[in-house]
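Some notes on the structure that comes next.
Just so you know, residue 1 is the first one in the sequence shown, and it goes up from there. From a predicted model like this one, the values you see are computed outputs, not experimental measurements.
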Amino acid sequence: MSRRQQWVYHIEPEEFPPDFPERLDAFRQAAGFSWRGLARRLKVSARLVFRWKAGAAPGSGHLVSLFTLASGLGLLHLLLPESGEPEDGGVSPG
């Protein structure tokens, strides 16, 4: 006989970066796409890309497609958040 589960764990998802629309726009401009051209290249509707532009978070599958495209163009750094390295370069003098 099995016991009933006593504990319920809730894992809060990490917050999506609030500056993603700016990153997306920087990527789009560097890649030379219009908003509709970006949608066409990702094989999604233009309406969906306009939602991302307005601040909606893309789903995980769309993020994979977007990151794959950016990586192929050598522009992935424009979409990813900062690396989180210390401002002094991480090396202490001495």
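Heavy atoms only, all atoms of each residue included: Ala30 and Leu78 are closest at CB-CD1, 3.6 Å. Across Ala46 and Ala39, no two heavy atoms sit closer than the pair CA-CB, 3.7 Å. The minimum heavy-atom distance linking Ala31 with Leu73 is given by the pair CB-CD1, 3.9 Å.
Taking 4.5 Å as the limit, some side-chain heavy atom of Phe33 sits within range of a side-chain heavy atom of Leu69. Between Leu80 and Arg23 the shortest side-chain heavy-atom distance does not fall below 4.5 Å. In this structure, Leu24 and Trp35 have side chains that are in contact, with non-hydrogen atoms separated by less than 4.5 Å. Considering only heavy atoms from C-beta on, Pro58 comes within 4.5 Å of Phe16 through its side chain. Between Asp25 and Gln29 there is a side-chain heavy-atom pair separated by less than 4.5 Å.
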Intermediate values then yes/no, side-chain contact (heavy atoms from CB on, under 4.5 Å), Phe50 and Arg36: CA-CA 9 Å; Phe50 290 132; Arg36 292 185 191 279; 4.2 Å; yes
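Residue Val64 is not grouped with residue Leu48 when hydrophobic side chains (ILVMFWY) are merged at heavy-atom distances under 4.5 angstrom, including chains of intermediate members.
Note that NE2 of His77 and CZ of Phe27 are 10.5 Å apart. Values are rounded to the nearest 0.5 Å. Between the CG atom in Leu38 and the CG atom in Leu66 there is a gap of 6.5 Å [rounded to 0.5 Å]. Here OG of Ser34 is found 12.0 Å from CZ of Arg41. Values are rounded to the nearest 0.5 Å.
Side-chain N or O atoms of Ser71 include none that pairs as donor or acceptor with a backbone N or O of Phe67 at under 3.5 Å.
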